[in-house]
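Only this structure's heavy atoms are used, side chains among them; waters, hydrogens and symmetry mates stay out. On a predicted model such as this, the values are computed, not experimentally measured, just so you know. Chain A is the first sequence line, chain B the second, and so forth, proteins listed ahead of strands; every chain is numbered from 1.
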There are 2 protein chains.
Amino acid sequence: MGNNLEKYTDVVNCPVRNVLDRFGDKWSTLVLLLLDEAAVMRFNELHKAINGISQKMLAVTLKTLEADGLIIRTQYPEIPPRVEYKLSERGSSLLPHIQNLVKWANTNFDAIEESRVSYKR
Amino acid sequence: MGNNLEKYTDVVNCPVRNVLDRFGDKWSTLVLLLLDEAAVMRFNELHKAINGISQKMLAVTLKTLEADGLIIRTQYPEIPPRVEYKLSERGSSLLPHIQNLVKWANTNFDAIEESRVSYKR
DNA sequence: TTATTAGCTTACTTTTGGTAAGTAAAGGTA
DNA sequence: TACCTTTACTTACCAAAAGTAAGCTAATAA
């Protein structure tokens with residue numbers, strides 16, 4: 001009863017779940033990785049850089065990342081509008097962990113693919 | 001053109017995306033964390049431990065984790081059946097990275113919640 | 001008049017997750 | 001004999017979430 005499994009099993013109120021869900025989606029980590037390399041990027045730059053994302057999903061992704069304080073949005077009062085996105089400190093502190101997952105995924109990709117193929121047979 | 005953004009932007013063929021998608025779902029990390037603590041667990045133990053998962057989703061989750069070689073399924077020829085799940089070496093090698101994300105989520109949870117609230121206003 | 005930028009809106013499709021029921025096999029109970 | 005239990009699932013169906021494509025907006029410059 002008093003063990004530490006409890007902290008995972010209450011899915012609804014779990015802080016971890018609550019946070020990880022936000023960048024466990026299809027695009028968020030991609031945006032974070034790109035901003036880590038590019039310092040600042042504009043909306044259309046990101047849109048061109050991420051092959052296959054729609055404008056709507058990019059807008060939604062940027063908005064939730066901003067709401068969570070992981071990226072900073074700077075808007076310039078110009079016409080046509082100019083908006084720049086960059087990592088916040090909080091976002092930068094998350095990035096090493098994502099990079100580690102990326103490294104893990106890269107080193108284990110081939111073996112996992114093999115497992116998947118042989119699992120089907 | 002020869003920069004290293006390319007390795008992220010081709011979403012369809014991206015090995016990272018391909019791998020991370022598999023445990024970026026609703027339940028997989030939860031199962032991995034539980035197996036890390038418990039060494040071995042049976043189907044119904046997991047079902048009881050994870051508040052809110054359906055039998056179907058647990059079965060699907062365990063199957064894909066097994067297909068990727070992250071967990072090992074051992075079946076005993078008894079009636080009623082007994083099936084035990086445990087982490088594989090590959091699964092164990094992934095776990096520290098997940099734990100790091102969990103730690104990050106826990107330390108940043110309060111601040112992120114605040115950001116979310118003030119973002120709405 | 002058209003292009004530009006950073007979106008928003010609408011309608012639609014796809015993917016994911018959830019519910020409820022059923023199945024198998026052997027043994028125990030009435 | 002009929003039926004109830006347990007375990008580890010599978011199946012059929014349904015709802016919700018995520019994603020897509022296309023069109024709309026603003027103000028200005030070419």
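The distance between atom CD of B:Glu66 and atom C1' of D:dC9, rounded to the nearest whole Å, is 13 Å. Between the CD atom of B:Gln55 and the P atom of D:dT6 there is a distance of 13 Å, rounded to whole Å. When the C1' atom of C:dT15 is taken as reference, atom CG of B:Asp25 falls 13 Å away, rounded to whole Å. Regarding A:Tyr76, its OH atom lies at a distance of 13 Å from the P atom of C:dG7, rounded to whole Å. The interatomic distance linking A:Leu46 (CG) with C:dA6 (P) rounds to 10 Å, in whole Å. As rounded to whole Å, 15 Å separates atom C1' of D:dA8 from atom CE of B:Met41. Atom CE of B:Met57 and atom P of C:dT16 are 10 Å apart (whole Å). Distance B:Asn44 CG to D:dT5 P: 15 Å, rounded to the nearest Å.
Looking at which nucleotide of DNA chain C each of A:Lys63 and A:Pro81 is closest to, the 5′-most match is held by A:Pro81.
For A:Lys56, whose side chain is taken as the heavy atoms from C-beta onward, the closest listed nucleotide among C:dG22, C:dA11, C:dA6 is C:dA11. Taking the side chain of B:Tyr85 as heavy atoms from C-beta on, and the options C:dG7, C:dG18, D:dC9, the nearest nucleotide is D:dC9. You'll find that the side chain of B:Ile79 is closest to C:dA25, out of C:dA25, C:dG7, D:dA8. Between C:dG18, D:dA8, C:dA6, one nucleotide has an atom nearer to the side chain of B:Phe43 than all others, and that is D:dA8. Side-chain proximity of B:Pro80 to the nucleotides D:dT6, C:dT5, C:dG17 is greatest for D:dT6. If you check C:dA11, D:dC9, C:dT19 against the side chain of B:Ala59, the one that comes closest is D:dC9.
Remark: B:Lys86 does not engage B:Glu84 in a salt bridge, criterion side-chain N to carboxylate O under 4.0 Å. Electrostatic pairing of B:Arg116 and B:Glu113 counts as a salt bridge here, judged by a charged N lying under 4.0 Å from a carboxylate O.
In this structure, B:Lys26 reaches the C:dG18 phosphate: one of its side-chain N or O atoms is under 4.0 Å from OP1 or OP2. For A:Arg73, a side-chain nitrogen or oxygen approaches OP1 or OP2 of C:dG7 to under 4.0 Å. Look at A:Arg42 and you won't find any side-chain N or O under 4.0 angstrom from OP1 or OP2 of C:dT5.
Residue-environment remark: CD (B:Glu78) exceeds the threshold of 12 foreign heavy atoms within 6.0 Å.
For the 3.5 Å distance criterion, the side chains of B:Ser115 and A:Arg90 qualify, holding a donor opposite an acceptor.
In the hydrophobic cluster analysis, where Ile, Leu, Val, Met, Phe, Trp and Tyr join through side-chain heavy atoms closer than 4.5 angstrom, B:Met57 is grouped together with B:Val83.
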